[in-house]
Amino acid sequence: MAQPLVKKDDDQDDEVEYSPFYGIEKGVVLQEARVFNDPQLDPRRCSQVITKLLYLLNQGDTFTQREATEVFFAVTKLFQSRDIGLRRMVYLIIKELSPSSDEVIIVTSSLMKDMNSKTDMYRANAIRVLCRITDGTLLTQIERYLKQAIVDKNPVVASAALISGIHLLQTNPEIVKRWSNEVQEAVQSRAALVQFHALALLHQIRQNDRLAVSKLVTSLTRGTVRSPLAQCLLIRYTSQVIRESVGNTQPGERPFFDYLESCLRHKAEMVILEAARAITELNGVTNRELTPAITVLQLFLSSSKPVLRFAAVRTLNKVAMTHPLAVTNCNIDMESLISDQNRSIATLAITTLLKTGNESSVDRLMKQITNFMSDIADEFKIVVVEAIRSLCLKFPLKYRSLMNFLSNILREEGGFEYKKAIVDSIVILIQDIPEAKESGLLHLCEFIEDCEFTYLSTQILHFLGIEGPKTSDPSKYIRYIYNRVHLENATVRASAVTTLAKFGAMVESLKPRIFVLLRRCLFDNDDEVRDRATLYLKTLGANDTAAVTDAKEFLFGSLDVPLTNLEASLKNYEPSDEPFDITSVPREVKSQPLAEKRAPGRTPASLAAPATTTSTIDTYERLLSSIPEFSNFGKLFKSSAPVELTEAETEYAVNVVKHIFDGHIVFQYNCTNTIPEQLLENVTVVVDTSDAEEFSEIASKPLQSLPYDSPGQTFVVFEKTGGPTVGKFSNILKFTVKEVDPSTGQAEDDGVDDEYQLEDLEVVAADYMQKVGVSNFRNAWESMGPDCERVDEYGLGPRESLAEAVAAVIDLLGMQPCEGTEVVPSNSRSHSCLLSGVFIGGMKVLVRLSFGIDGQKDVAMKLAVRSEDASISDAVHEIVASG
Amino acid sequence: MILAVLFANSEGNILIERFNGVPAEERLHWRSFLVKLGADNLRGTKNEELLVACHKSVYIVYTVLGDVSIFAVGKDEYDELALAEVIFVITSAVKDICGKSPTERLFLDKYGRICLCLDEIVWKGYLENTDKDRIKRLVRLKPPTEF
């Protein structure tokens, strides 16, 4: 917050002494405000006091309720003065003081009088003040005047009423919606700003009425729009209409495109950019449509105005994600922006170049970026690091220069988030590019030699323990790891001990030397470090192989209890003679907590990311195997993603995961109780299988208790006949509900039985298919041979687009698209798509799909399936035929 | 919505701040973020040269005028282009009132008038008036000339 000017340096006192606000204090100003009560008002003096009050408020000072009330009441007296300058100040200060609803009544009559004044400017200001402080009841009284004001001849009055309408629409929509005739009239106003404000309000009033918005756009794109600001709004509304009209138009013809294109030749730069942006964001935009937009954006890249350069490069950055080739023409202009004074522009230019660059330009680009990195802030650097990571995954052959770049910036100064982004990137590159492993690990080793962040050091040590022993010469990492035992804090030392033990467990030849090092750690001054060293020496030093296997399992296996459950159990454990028993920790996995559920799309931390998918399956497998009823079902074939069975934000949130076994299927219902005043007990789901006759329910495992915001699971198990059996299940959640006293958190003893209807659930053929990709489809296809190949053709009928048809078939089969063939270039008339998967029973399946679309949007498809068993190929055809 | 208009002196002290639709607890964050942004980038910038940044889905356009730095923050329809227009109107109005690029002293001398102008330019997060001559008349409660 601002410091009052008194606190400035003495050297600058010359100016300070004369500052109008020198030594200003709230208490004194409030005293001075008493002049508002003088019988003979001095307008000049009053204006000065109001200015001081404004200064205090604008600096973030606050008035107590009582102070605000006193000042407000005093200010209302100033309506008696006829001085125009003072009146204008009064309007402003009333808005700033925002009086409470019971005080407003004091000024209402004065403002109503001004609102009907012959002086236009009194009317405009009174409208603005009234709308700022009014509530619904007063609004109905003044509505008539506001409607008149909207069509007032004076543009200032009309604008004041229109903007008031925009604000009031949030609080009193039903009243403002009644003004649409007047607003419609104002849209035709000759005053540019009135038209702008009227257009904004009219669109907000009608935004849920597609037809009305479409009519509005149609009439205005043919008529006259007087200000660039209004033109920009119209372009946005036009894009909205285009988006919503997709599918209703003939191919090759896009409504309003001519209008957007004509805006590219508008005289206002703002309008040109808005139109270019709208064109680039069109669904399925073609190259022909893109070209003129990209051309104007390219021109703006070399504009002298930073805002235009920023707007252009920001738009091109977005285009580069979907149409990188269309942007390559701008690369030269973009490269000159790397040295732009404005760092936001430079960062956008670099990340765009990284997206559009080809393999041959990588080295040159990296050279330019190196100079740039030293003088930008961490948040920009993180964006660049992430772009480089994607570039490296795109061009794996370039890993050497990109990895070098990452290791160089790792050595430079930077905050935690930045360093973490670099380390995460190196870890991902090591995991995805085998050739990069050894150099990447050495870079990480060098980094922990001088790393100030304990978290990063321990994460890297953990990663080294897993990857290091698998390298050609594991011994070279030992020095780096052992150095940590000497030089670091206890947390890092303990991690280093574990990493050493991992090397000892995996690399027999290193074991004796590792033991020497571990023995030295027995003298560490930290308990944890000593305990770990003792434990590993004991377990790894055992003579029987079973013990060593146990030790490896302990070092490398994941903990088979959920960490959160373990943490909760440890917190509840009271130190006593009885040791903590890890088997007492509940193994039921809590499903996502509420907060995460409402924020989908969160990216997981990348150090843990590659393990996430497997760990989900592992977790499910462990969870299911810990339940005795399910232990004899054999190996889990597939678990589906959770399917929501309730709408968002209902009393009870339920989703279901389908676990597929050879002869069984288990529905895992993850339930969350979102009502703090309720405790649910004996929660079950009653499943009706009348539309799934080939399934028979054999068991149900109820959830004993479901407190507020603490998710739990209930299971229902079915036996099924062999093969990909499908069906539809309707579900009802049944439970006993008990009231909870919010103050004590205690539930009442008696509960009431209740039930809650859930959405239906389907088991589809795709549930029996695992998405398993192949690295080289052609080789895999050839080696599978044509013996069990089945080919047939299908008519898919009229579809929205080819891309939509391809996506629907991929979804139906539940297979993994290979070699990026799931992406359909826009406007193409035919497409081939390659899929691979493993069908239940462990059979590999490969699919070749050829699609064609005609002028009537009828899609035809040829499906060729190869698998290890002809019956599986037939089954895949059956899925498509019945889907 | 124009989320904030902020004036600061060359030392980063706030002279005027106006927030619209920004919760009170987030204002401190914005205030310090903007002041830091200015301190990092505005040194050596020419008068009225616009700088631009974005932070998540929010845009920031800022500039320096004499001793005063001016920041405008917006989202949705108030992107960098619309904000540039807002800043342009603000700087021309301030120059008009002060007669030149203001020193801090001059700015404070004309403080009341500048507040009135700002009230005419941005009203609760929307751009209301864009012409400096009209604004000049409006703060004196005179109707616009074209009327």
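Naming convention: chains lettered A, B, ... in sequence-line order (proteins, then strands); numbering from 1 in each chain.
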Who wins among [options] for the most heavy-atom pairs under 4.5 Å with chain A?
{"options": "B/L138, B/D131, B/N129", "value": "B/L138"}
{"options": "B/R140, B/R113, B/R18, B/R137", "value": "B/R18"}
{"options": "B/I16, B/L50, B/D119", "value": "B/D119"}

Between [X] and chain B, which part of the residue has a heavy atom less than 4.5 Å away: side chain, backbone, both or neither?
{"X": "A/R277", "value": "side chain"}
{"X": "A/I50", "value": "neither"}
{"X": "A/K95", "value": "side chain"}
{"X": "A/L193", "value": "side chain"}
{"X": "A/A160", "value": "both"}

Nearest heavy atoms of [X] and [Y], plus distance in Å:
{"X": "A/M121", "Y": "B/P144", "result": "SD-CD, 4.5 Å"}
{"X": "B/G112", "Y": "A/M89", "result": "CA-CE, 4.0 Å"}
{"X": "B/R134", "Y": "A/V156", "result": "NH1-CG2, 4.1 Å"}
{"X": "A/F21", "Y": "B/L108", "result": "CE1-O, 3.6 Å"}

- Task: Consider only side-chain N and O atoms of B/Y111 and A/N58, and report whether a donor and an acceptor are under 3.5 Å apart.
- Result: yes

Select, from [options], the one with the greatest count of heavy-atom pairs under 4.5 Å involving chain B.
{"options": "A/G85, A/P228, A/S164", "value": "A/S164"}
{"options": "A/R236, A/E269, A/E274, A/E96", "value": "A/R236"}
{"options": "A/R128, A/Q48, A/M270, A/Q341", "value": "A/R128"}

[atom1]/[X] to [atom2]/[Y] distance, rounded to the nearest 0.5 angstrom?
{"X": "B/I114", "Y": "A/L54", "atom1": "CD1", "atom2": "CG", "value": "12.0 Å"}
{"X": "A/T119", "Y": "B/K142", "atom1": "OG1", "atom2": "NZ", "value": "13.0 Å"}
{"X": "B/L127", "Y": "A/L229", "atom1": "CG", "atom2": "CG", "value": "6.0 Å"}
{"X": "B/C115", "Y": "A/L53", "atom1": "SG", "atom2": "CG", "value": "11.0 Å"}
{"X": "B/L141", "Y": "A/R87", "atom1": "CG", "atom2": "CZ", "value": "8.5 Å"}
{"X": "B/E120", "Y": "A/L92", "atom1": "CD", "atom2": "CG", "value": "9.5 Å"}

Contact list (residues 75-83 of chain B to chain A, heavy-atom gap under 4.5 Å, by number) returns B/D76, B/E77, B/Y78, B/D79, B/E80, B/L81, B/A82

Taking a cut-off of under 4.5 angstrom between non-hydrogen atoms, the residues of residues 91-98 of chain B near chain A are none

Exercise. Is A/F79 atom CZ crowded by more than 12 heavy atoms from other residues, nucleotides or ligands, each under 6.0 Å away?
Worked result: yes

Whatever's closer than 4.5 Å to a heavy atom in chain A on B/S32 counts as neither

Applying a strict 4.5 Å limit to non-hydrogen atoms, the region of B/F7 in contact with chain A is neither

Q | Basic-acidic side-chain contact under 4.0 Å: A/R343, B/D40 | A | no

Under a 4.5 Å heavy-atom criterion, the part of residues 305-313 of chain A in contact with chain B comprises A/P306, A/V307, A/L308, A/F310, A/A311

Hits for ring pair (Phe, Tyr, Trp, His ring centres under 6.0 Å) against A/H167, two or more places apart or cross-chain, chain-then-number order -> B/W123, B/Y126

